[in-house]
Protein chains: 2
Amino acid sequence: MKQRPATIRDVARRAGVSVASVSRALNGHENIREETRGRVMRAIADLQYVPNAAARSLSNAKTGTLGVVLPDLYGEFFSELIRGMDKAASDHGYLLLLSTMHADPALAGQALAVMRGRVDGVIVMAPQLSRETIDALMPAELPGVEVISEASADRPSIGIDNRAGGAMGARHLLNIGRRRLAHIMGHENNFDARQRRDGFVEAVTKAGAAEPLIAIGDFREDSGARAVENWLKRGDSFDGLMAANDMMAIGAMEALRAHGLRIPEDVAVIGFDDIPLARHLGLSTIRVHVAEIGSDAVNRLVAMIKNGQIGPTAHNQPLELVARASTLGGPA
Amino acid sequence: MKQRPATIRDVARRAGVSVASVSRALNGHENIREETRGRVMRAIADLQYVPNAAARSLSNAKTGTLGVVLPDLYGEFFSELIRGMDKAASDHGYLLLLSTMHADPALAGQALAVMRGRVDGVIVMAPQLSRETIDALMPAELPGVEVISEASADRPSIGIDNRAGGAMGARHLLNIGRRRLAHIMGHENNFDARQRRDGFVEAVTKAGAAEPLIAIGDFREDSGARAVENWLKRGDSFDGLMAANDMMAIGAMEALRAHGLRIPEDVAVIGFDDIPLARHLGLSTIRVHVAEIGSDAVNRLVAMIKNGQIGPTAHNQPLELVARASTLGGPA
DNA sequence: GACTGATACGTAACCGATTACATTGGCGAC
DNA sequence: GTCGCCAATGTAATCGGTTACGTATCAGTC
């Protein structure tokens, strides 16, 4: 039952040809007679031969897989991202090798080192690491694409115009008449979090409104709720709130309602990402086409691998304001 | 810049030892002097040497990666499953190689064939394929674990007691006084879908209630809504509804509300899975610990790889009824 | 001092593909 | 008939590791 799988030599012997001919038949080379190819194909079918991927990789220095290094896998954001990547990868005939990278640069380096020799290129998402750290960790000989991190000079980076998104949220709140604004950002050392806040604050200031309240969260639901609790406890008041992602906005909404505040009458709330949950909860948000960011990253990486070019670096996916009940009222 | 990465021979030359010693130092073998190991390690650091994974795989027939073949990647169910697998895999020092498998058995076979030689084992989830098809496609020499599919004699299978889950849902609806029940199942050729329906119907019949309405969906939100629309259009009436997963239940709830029906007063609704969305929408459901199914599958697979044993086959993850507003009333 | 055994290390075969280069055979031109 | 050329095929080197086996060194024993 558990027998040694057939090798290319077994096939050659069975078809009565040399290994070179088998290889040629297999890879669709020109200089081989149709009849020979037929014999080889029959032998392959007979023996249920499947080429050994490791041997092939070693020989031609290609693996047919792309490495994906993500900071986390929790929630719909990552599931959409992976879905988009998988779609594009399988269209190009690549598989995805998945790994999560922790905030600790040493461990992050490990995650990347492990990929060497197993992938033809890597897609890295590491908003929690600085540009220098990422540059230092990326293996030089491996094509790489970055997703949603500070633009790099060396590698293409598919991202989001975070500042514009933050500004869009602020302007929307101002447009519906809110003047005392608040913002819940992500970790201070997260690139996206800082950008979104900066865009938000800038838009508010430019409009001549009061300086907004700022709280620091961690992109999880709980931290949104905690931020609201703290403000209310301190007696800070606000009538418009933007969170740096939808999950924190949802946590914030729950906390607001728990304190008897109505949405949007007392506080209008807007998030960021437009995860599916947002639609169901009537949460206004900034829509990011996450799956497309994933496909885009893969497409660019494959292009790099195929022609050795780096191509244009920074590239931003378009954003879109989606106004729902949490800012406009009406059915939740 | 783009220079050839260092090989083991470069390291050997630099350290003034043979390749065998480098390999021994690298893999923590016994018979090597501390001083030699030190020299090797220094050379490795100097050259920034990283072993070539393909060569290593070829030589010792181990890859350090696990293949994961899933039917789809859409929604929180898969995101949780992958998260659980990734956690366990990285604990054991493995990476995950991801691939989606389509319903077409030929394509499904391809997905598995591509994995050969790149992985030490595979985890397959293919509820849409028959037992025979899966058995025929699974490479014989590769350890495999199945997730959420009909139990197999050859491979461990981590699953859900779907019948029990279906019955739990039915009994809950009956317990709160509902008598005219309905069920929205998944594809007829999906194993889980059939099992859940059977459990549901059996519990209803056993309790002496009228035979329930049955509609066929596809696990997507829309199909839940369509099922409800069809029933209402036909004039079928029901006061208790179970869907085979949460997404269809959510679609059904929207359709019910759109027709002015109140939940749970007019129709009590219960789903299956307990995805995060369910809690936010107050949907009663059968909780499945999805991430744990993922870790469990990986742990079993790793055990199989390590000791060559197959271990116990069928294994069911426990289920739990979670009653919320959609059946009990109260705040949504 | 010759022999034994253990220890540290080197040499070279091997894993299973790809492919540069060598070889063969067939055919047309002379 | 011989030569040259080309297409089809075979031989063997190669990719970068691991490891079986061989060898050198040294301490300990008689």
Side-chain angles (χ1 to χ4, degrees), chain A residues 3-41 43-44 47-65 113-120 139 141-142, chain B residues 3-41 43-44 47-65 113-114 116-120 139 141:
Chain A
Q3 63 193 344
R4 187 179 61 84
T7 74
I8 196 171
R9 286 166 231 278
D10 299 327
V11 174
R13 199 170 320 120
R14 172 128 188 164
V17 300
S18 74
V19 293
S21 293
V22 176
S23 179
R24 281 189 272 256
L26 212 53
N27 298 306
H29 287 202
E30 287 300 299
N31 47 350
I32 181 167
R33 261 193 309 169
E34 257 326 303
E35 189 241 317
T36 311
R37 183 191 304 275
R39 275 225 306 288
V40 170
M41 288 311 185
I44 288 178
L47 298 173
Q48 301 207 46
Y49 166 73
V50 176
N52 178 307
R56 184 173 271 184
S57 297
L58 178 59
S59 185
N60 63 12
K62 288 187 192 339
T63 63
T65 92
V114 171
M115 296 249 158
R116 282 186 58 174
R118 321 188 165 202
V119 300
D120 296 336
E141 84 285 358
L142 208 56
Chain B
Q3 64 193 343
R4 188 180 58 83
T7 74
I8 196 172
R9 288 169 226 275
D10 299 327
V11 175
R13 197 171 321 121
R14 173 130 188 161
V17 300
S18 73
V19 292
S21 293
V22 176
S23 179
R24 282 188 273 257
L26 213 51
N27 298 308
H29 287 201
E30 289 298 301
N31 46 351
I32 182 169
R33 263 191 309 168
E34 256 327 303
E35 189 240 317
T36 311
R37 185 192 303 276
R39 273 224 308 288
V40 170
M41 288 310 186
I44 287 178
L47 299 172
Q48 301 206 45
Y49 167 73
V50 176
N52 179 307
R56 184 174 271 182
S57 298
L58 178 59
S59 184
N60 61 13
K62 287 185 192 341
T63 63
T65 91
V114 171
R116 282 187 55 176
R118 326 191 160 198
V119 300
D120 296 335
E141 83 285 358

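Side-chain atoms are counted along with the backbone in the values below, which use heavy atoms only and exclude waters and symmetry mates. Letters A, B, ... mirror the listed sequences (proteins, then strands); counts begin at 1.
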message: On DNA chain C, does the nearest nucleotide to B:A20 precede the nearest nucleotide to A:S59 from the 5' side, or the other way round? Give the residue.
response: B:A20
message: What I want to check is whether an N or O donor and acceptor connect the side chain of A:R9 with the base of C:dA17 at under 3.5 Å.
response: yes
query: Within the pair B:T7 and D:dC15, is there a side-chain N or O less than 4.0 Å away from OP1 or OP2?
result: no
query: Touch check for A:I32, heavy atoms < 4.0 angstrom, all strands: base, sugar-phosphate only, or nothing?
result: sugar-phosphate
- request: Could you tell me the separation between the CD1 atom of B:I8 and the P atom of C:dT11, rounded to a whole number of Å?
  value: 14 Å
- prompt: Within this structure, what is the CG-to-P distance between B:D10 and D:dG16, rounded to whole angstrom?
  reply: 9 Å
- request: Rounded to the nearest angstrom, tell me the gap between atom CG in B:N31 and atom P in D:dG22.
  value: 16 Å
field: A:S23 side chain, from C-beta outward: closest of D:dT18, C:dT19, C:dC9
entry: C:dT19
message: Does D:dT9 have its OP1 or OP2 closer than 4.0 Å to a side-chain nitrogen or oxygen of A:R24?
response: no
- request: Using a cut-off of strictly less than 4.0 Å, decide whether A:S18 has a side-chain nitrogen or oxygen near OP1 or OP2 of D:dG10.
  value: yes
- request: Please determine, for the side chain of B:N52, which listed nucleotide (C:dT19, C:dG10, D:dG17) has the closest atom?
  value: D:dG17
query: Hey, does the side chain of B:T36 come within less than 4.0 Å of C:dC9's phosphate (OP1/OP2), counting only N and O?
result: yes
- request: Give a yes/no on whether any side-chain N or O of A:N27 is located under 4.0 angstrom from OP1 or OP2 of C:dT18.
  value: yes
- prompt: Under 4.0 Å between a side-chain N or O of A:S21 and OP1 or OP2 of D:dA8?
  reply: no
task: Could you say whether B:A6 or A:V19 is positioned toward the 5' end of DNA chain D, judged by the nucleotide with the nearest heavy atom to each?
output: A:V19
